[in-house]
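Only one structure is covered here, and it is reproduced in the block below.
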2 protein chains.
Amino acid sequence: MATDDLMTKVLEALGDAQPTVEAIHDLTDLAEVPSSMTIAEVADRLALPAHTLRYYERAGLVTVARDSQGHRVYDADAVRRLVFLTRMRLSGMSMRELQHYIELVDAGERTVPERMAMLVEHRDTIVRRLRELTLSLAAVDYKITTYGGATGSDVERSPSREAAA
Amino acid sequence: MATDDLMTKVLEALGDAQPTVEAIHDLTDLAEVPSSMTIAEVADRLALPAHTLRYYERAGLVTVARDSQGHRVYDADAVRRLVFLTRMRLSGMSMRELQHYIELVDAGERTVPERMAMLVEHRDTIVRRLRELTLSLAAVDYKITTYGGATGSDVERSPSREAAA
DNA sequence: ATTTGCGTTAGAGCGCGCTCAAAGTCCTAG
DNA sequence: CTAGGACTTTGAGCGCGCTCTAACGCAAAT
């Protein structure tokens, strides 16, 4: 994913501190969003290729005005939405789901409950994924610490198996 | 990914206990691997489509013998390798990387250092991903708890922005 | 006057990881 | 004898999320 860089950057900015709700809180309005940005500026800021920004727009995820030359002009709301979109993509929400979410947003206040439901479900997805990864990490650690060349067994109890891998 | 089910199953088996090295240790030889299995049995056991098992074999990730009818016969080592492969896929290692890893295994003992290096690097990848997801979780939680319909801002301080989202 | 540079569009192409289709073989049960 | 079912192979197809190409527009700099 092209957005990998974003999160990497963000994590570096956070240092080794545990991500907290407060830290997140600060992230969005970290270095106030200018009232208007070009595509290059937004791309730079989000560490996304400009191509991807255009792609998101074509996909209906964000609406962007044009100036007299027909060039895109991103306002603060568009940028904030892109921050949101990027975060959701990065945490595993599909384009299709995001398109649905955005449709709901555009449909007005009455869709708030459904939006909340989507967020809660996505939250569950993230938690599930965290558990999977935690388990995988333990497995890989185990393999590393018990000297882990073989694939045949994660449990190096019978060294004779090494040959079989 | 088709392998999602596997991990789901595994996590359910673990219940809410924290995944530990010991738990992982138990996973591989949980319910001893039979000395020989058909493709259907392996597919069932790993919760992978048989198609995917054939695909992995074609990709060179595992070698499987045939019986007199030309049907695949998976021995315990093959099954263990598939468990390993599945775990690695699930934790984000690409097919390409796994192919390289398996090439190293097949190249013998002298490649152990490089295999270790791959495992350690992958470990880092998992840790990075865990941090990303943890951060995303905090962000989504924040959005949920602060009443989260709008996309424009993760920080619902100016309710007027709701309209802009 | 022309080159450089940043932007635009529609649409094609790509890498990944499966996933399936077609056509055939073999064994068993009715 | 035949029908069903599980398997085999090769190769094509698909969904996703970008990513890039081609052809063009406009404007500031040389």
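Within every chain, numbering begins at 1; the chains are lettered A, B, ... in the order of the sequence lines, protein sequences first and strands thereafter.
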Query - Sugar-phosphate only, base, or nothing, as touched by B:R54 at under 4.0 Å among non-hydrogen atoms - result: base
Query raised in the report: How is B:A40 classified with respect to the nucleic acid when contacts are heavy atoms under 4.0 Å: base, sugar-phosphate, or nothing?
Result: sugar-phosphate
With respect to the side chain of [X], which nucleotide from [options] is positioned closest?
X	options	value
A:H71	C:dC16, C:dT19, C:dT8	C:dT8
B:T52	C:dC18, D:dT19, D:dC26	C:dC18
B:Y55	D:dG17, C:dG17, C:dC20	C:dG17
B:R89	C:dT9, C:dC20, C:dC18	C:dC18
B:R66	D:dT9, D:dC26, C:dT8	D:dT9

[N] phosphate, OP1 or OP2, under 4.0 Å from [X] side-chain N/O:
X	N	value
A:T38	C:dG7	yes
B:Y56	C:dG17	no
A:R72	C:dG7	no
B:Q69	C:dC27	yes

Report task. With salt bridge (charged side-chain N to carboxylate O under 4.0 Å, His left out) as the test, would you mind laying out the steps for B:R129 and B:E132 before giving the verdict? Result -> CA-CA 5 Å; B:R129 187 69 186 135; B:E132 289 174 8; 2.5 Å; yes
Query raised in the report: Side chains of A:H71 and A:T38: donor-acceptor distance under 3.5 Å anywhere?
Result: no
Query raised in the report: Distance only, no hydrogens: is a donor on one side chain within 3.5 Å (strictly under) of an acceptor on the other, for A:E114 and A:T111?
Result: no
[X] [atom1] to [N] [atom2]: how many Å, rounded?
X	N	atom1	atom2	result
A:M93	D:dC16	CE	P	15 Å
B:M37	D:dC7	CE	C1'	16 Å
B:D67	D:dA6	CG	P	16 Å
A:M95	D:dC16	CE	C1'	10 Å
A:I39	C:dG7	CD1	C1'	8 Å
B:L48	C:dG17	CG	C1'	12 Å
B:Y74	D:dT8	OH	P	7 Å

Report task. Say whether, by atom type as modelled, one donor and one acceptor occur between the side chain of A:T52 and the main chain of A:L48 under 3.5 angstrom. Result -> no
Query raised in the report: Is there a donor on the side chain of A:R58 or the base of C:dG11 sitting less than 3.5 Å from an acceptor on the other?
Result: yes
**Report entry** 4.5 Å side-chain heavy-atom contact, B:F84 and B:M88
**Finding:** yes
